[in-house]
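Below: one structure, written as structure tokens.
Atoms considered below: every heavy atom in the structure, side chains included; atoms not considered: hydrogens, waters and symmetry mates. Throughout, protein chains are lettered first and strands after them, A, B, ... in sequence-line order, and every chain is numbered starting at 1.
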Amino acid sequence: MTRARRIAFCVSGALLALTIAGIALAAVLLQPLDQEVVVHWDIAGQPDRWGPAWTYLVLIAFVGLVLTGIALMFAVFRMRDPEAVVDPEPIALAPGEVVAWTRTAMAAPGFYWAIGIGIAFTVLVCVVVITATSGRGWPMVLLPALMIVVLGLTGGWRVSAGPAGLTVRGLFGFPVMRVRIDDIASVAAVGIHPMRDFGGWGIRGALGRGGRWRTGVIVRAGDAIEVTRRSGRQFVVTVDDAATAAAVLKTYLTP
Amino acid sequence: MLISIDPNAGAVYDQIADAITARIATGETVQGERLPAARDLADALGINVHTVLHAYQRLRDDGLVELRRGRGAIVIGAAAVGEVRGAVDEAIRVARSSGLGEAVLVALVRKGYRA
């Protein structure tokens, strides 16, 4: 069992214990269990539905078991093995020749559709809440606004590699992340699994092999450029044709 | 997009425009494709963004791309390049077999085109 699966197993055990503890605590606090309690509030915060107290026990058990099940899935199912690390050959240059590479890193179209639907749903909820509270709920608009800003800033990246080093820019031109060429100790093209390697998507930090800090710009699974700085820290960006980019950078590495 | 230039062989913007023209001629860059943002190509080559914009303007003047604010540079002349390329290859073949150098061919093309 890999370390990640062991951790997932422990997490699922902890979640199960927490669920049982939660049920026990609720069972003690909500005595007698057949009394009528509030089980639903309207949007303005006024109770509008009542039910037996054990409804909450069922609710806690359901949520707890679903979360335990998800954690257990990560423990039971093996994730695919990492794709081979490509150690690229530097490009042979004619005297005076300069090579450079640039490409836009995007996720699969379905990813943007899913997020778009999520934002549309949030906007809908916002409209309902703000009308129901006759305007008092206006800070709700911050939620979809924040989602759109985060998607714009981290939903895709423009990656450039050349004699100056590696540059990664957001779709609007910022944020900008650079690794100067003389700060790069080595470069490779690697296969990345967002969940396994970074715990998700976006701008990420994680501990890699040997306890080295890895910063990741992750939009999808698969090919990625991995540069190791002279300090030992790594910078990873998922982008198609990563092997070519790595070869370009390798051409300009100084020993 | 992988691009290779030789800054010692002439103006850098000419080199960039030539490299992109070559990519269009070989089909690596196709009709309707959007060229990288000038900012990104400048980042990659480690040069000023205006140099890349200058190259894109030359490509526009040559009828190879269309420049639109906010949409970048779109390749529009790929088919034309494909057509002309056949004729140019033929001219090169004839020049080679008659032992004429590259400079003669370039001079003829320049003079003929401007006439």
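The number of heavy atoms from other shown groups lying within 6.0 Å of CD (E28(B)) is above 12. Y112(A) OH: more than 12 foreign heavy atoms inside a 6.0 Å radius. For CZ of R204(A), the number of neighbouring non-hydrogen atoms (other residues, nucleotides, ligands) closer than 6.0 Å is greater than 12. No more than 12 heavy atoms of other residues, nucleotides or ligands sit less than 6.0 Å from atom CZ of R110(B).
Interface with chain A: from residues 74-94 of chain B, no residue qualifies, criterion being any non-hydrogen pair under 4.5 Å. Residues of residues 239-248 of chain A lying under 4.5 angstrom from chain B, judged on non-hydrogen atoms, are T244(A), V248(A) in numerical order. Residues of residues 32-58 of chain B that come within less than 4.5 angstrom of chain A, heavy atom to heavy atom, are P36(B), A37(B), R39(B), D40(B), L41(B), D43(B), A44(B), L45(B), G46(B) in numerical order.
We find the CG-OG distance between L93(A) and S4(B) to be 7.5 Å, quoted to the nearest 0.5 Å. Distance check, rounded to the nearest 0.5 Å: CG of L67(A) to CG of L72(A) gives 12.5 Å. Atom CZ of F121(A) and atom CE of M147(A) lie 10.5 Å apart (nearest 0.5 Å).
A donor-acceptor pair under 3.5 Å is absent between the side-chain atoms of R69(B) and the main chain of G72(B), judged by distance alone. Checking side-chain atoms of T154(A) against main-chain N and O of G202(A) turns up no donor-acceptor pair under 3.5 Å.
Side-chain contact check for I20(B) versus M1(B): some heavy-atom pair is nearer than 4.5 Å.
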Working note: L59(B) + T21(B), criterion side-chain contact (heavy atoms from CB on, under 4.5 Å); need CA distance, chi angles, decisive distance, verdict. CA-CA 8 Å; L59(B) 289 170; T21(B) 308; 3.6 Å; yes

Output, in order, the C-alpha distance, side-chain angles, deciding distance and verdict of side-chain contact (heavy atoms from CB on, under 4.5 Å) for V236(A) and F198(A). CA-CA 10 Å; V236(A) 178; F198(A) 288 97; 4.0 Å; yes

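A salt bridge between R230(A) and D183(A) is absent, with no side-chain N of the basic residue lying under 4.0 Å from a carboxylate O of the acidic one.
Considering only residues two or more places apart in sequence or on other chains, R214(A) meets the salt bridge (charged side-chain N to carboxylate O under 4.0 Å, His left out) condition with E226(A).
The choice from G165(A), P163(A), P95(A) that makes the most heavy-atom pairs within less than 4.5 Å of chain B is P163(A). For the options A100(A), S160(A), G162(A), heavy-atom pairs under 4.5 Å to chain B are most numerous at A100(A).
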